[in-house]
Amino acid sequence: MTATLHSLPKITDPRGNLSFFQDRVPIPFNIAKVQWIYDVPGGATSYDNDTLEAEEFIIALSGSFDVVTDDSITKETFHLNRSYNGLLIPQGVRRTIENVSTNSIAVIVTSSQTEGSNQEHDIENQKLDNVHGCSIIELSKHHSDSKGNYSVVNNNCEIPFGVDRIYYLYDVPAGESRGGHAHKSLTQMLFAVSGSFKVELDDGNVKRSVMLNRPNQGLLIKPGIWRTLDDFSSGSVCLVIASKEYDESDYIREYDDFIKYRQEKKFLDTV
Ligand code: TYD
């Protein structure tokens, strides 16, 4: 089995581009773990895969790098430099990330969790169904001088839900806005894996503004919260980890409908 390149959907928009993938589409596995590597010194060689038992999907969310694969018969080099392409690494294939460009972000999605991963999040606050239930979760920042930093999310461990879908916003012109909707049952975590942006949260009663500007700091957005993203810095990338697959009927796109929805309290059905 060798590694294969896959194109992801790219939804182009004057407010920036969006790409996504979810459990089994187009990757052939269910997402169990997501990690991202950042602040890697330019030219460095970075991490090998931890285990040959898992499948992986690797994306250059920003910048570029090579993935060198070895299935013990053939060695191949894949150059990743587009946010909408991913490299699928089957089980049994060893890989290394090399020639990392300055400011690049590698996202690696894996079919199995890190053994012994623990729940680290603050459950009490997360029970609230208003803007205060949207907590900021600080992930550990694993650091190595020569290889940069990485952060990891395992299903239901560092974050309070299982990951079914990943999407990300990139090429967002500086100062643009995104979002402007709520979800009925979707829970999400947003990360500024590059640059920064502001998230305006609104539960129909109270508004709260959160600035995201660290790759290891995520904002939990619960169902029934209206959100708008704005003040994107240039070159910023918003990585979203979502609890469910894409479903247009889960969106509330009109603010008046959102207020009605809150009043009817249907949003209490959570993750
Ligand atoms: P939307 O969630 O409205 O983006 P934003 O809130 O950032 O403006 O999504 C934009 C478009 O992309 C919308 O037409 C639906 C499509 N889309 C998918 O097909 N799958 C996905 O996972 C996401 C997030 C969006």
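Side-chain atoms are counted along with the backbone in the values below, which use heavy atoms only and exclude waters and symmetry mates. Read the numbers this way: they start at 1 and go in the same order the structure lists the ligands and their atoms.
- By the 4.5 Å heavy-atom criterion applied to side chains, Leu61 and Tyr170 are not counted as neighbours.
- No side-chain donor from either of Thr228 and Asp230 sits under 3.5 Å from a side-chain acceptor of the other.
- Comparing Gln188, Lys244, Arg178 against atom 5 (P) of ligand 1, the shortest heavy-atom distance belongs to Arg178.
- Residue His181 touches ligand 1 through its side chain alone, judged by heavy-atom distances below 4.0 Å.
- In Glu176, neither the side chain nor the backbone holds a heavy atom less than 4.0 Å from any atom of ligand 1.
- Geometrically, Lys184 does not engage Tyr251 in a cation-pi contact defined by less than 6.0 Å to the ring centre and at most 45° from the axis.
- Of all atoms in ligand 1, numbered sequentially from 1 with element shown, those under 4.0 Å from a heavy atom of Tyr167 are 24 (C).
- If you look at Leu18 next to ligand 1, the close heavy atoms, those under 4.0 Å, all belong to the side chain.
- Between His181 and His183, the ring planes are perpendicular. Angles over 60° get that label, and only those under 30° would be called parallel.
- Nearest protein heavy-atom neighbour of atom 3 (O) of ligand 1: Arg253 NH1, 2.9 Å.
- Tyr255 and Phe258 have their aromatic ring centers within a separation under 6.0 angstrom.
- Ranking protein heavy atoms by distance to atom 14 (O) of ligand 1, first place goes to Tyr246 OH, 4.6 Å.
- Each of Lys222, Arg165, Arg227 was scored for a side-chain hydrogen bond (donor to acceptor under 3.5 Å, both in side chains) with Gln188, with one residue passing: Arg227.
- Within the structure, the closest approach of Arg15 to ligand 1 falls below 4.0 Å when heavy atoms are considered.
- Counting protein heavy atoms only, atom 2 (O) of ligand 1 is closest to Tyr251 OH, 2.6 Å.
- When Lys10, Arg165, Glu245, Gln22 are ranked by how near their heavy atoms come to atom 24 (C) of ligand 1, first place goes to Arg165.
- His142 and Ser140 share no donor-acceptor pair across their side chains, judged by distance under 3.5 Å alone.
- Side-chain atoms of Tyr38 and Ser62 form no donor-acceptor pair, as typed in the model, at a separation below 3.5 Å.
- Looking only at protein heavy atoms, the nearest one to atom 11 (C) of ligand 1 is Ile11 CG2, 4.0 Å.
- The shortest N/O to N/O separation between Leu169 and ligand 1 does not fall below 3.5 Å.
- Among protein heavy atoms, atom 18 (C) of ligand 1 sits closest to Phe20 CE2, 3.4 Å.
- Using cut-offs of 30° and 60° on the angle between ring planes, the pair Phe20 and Tyr246 is parallel.
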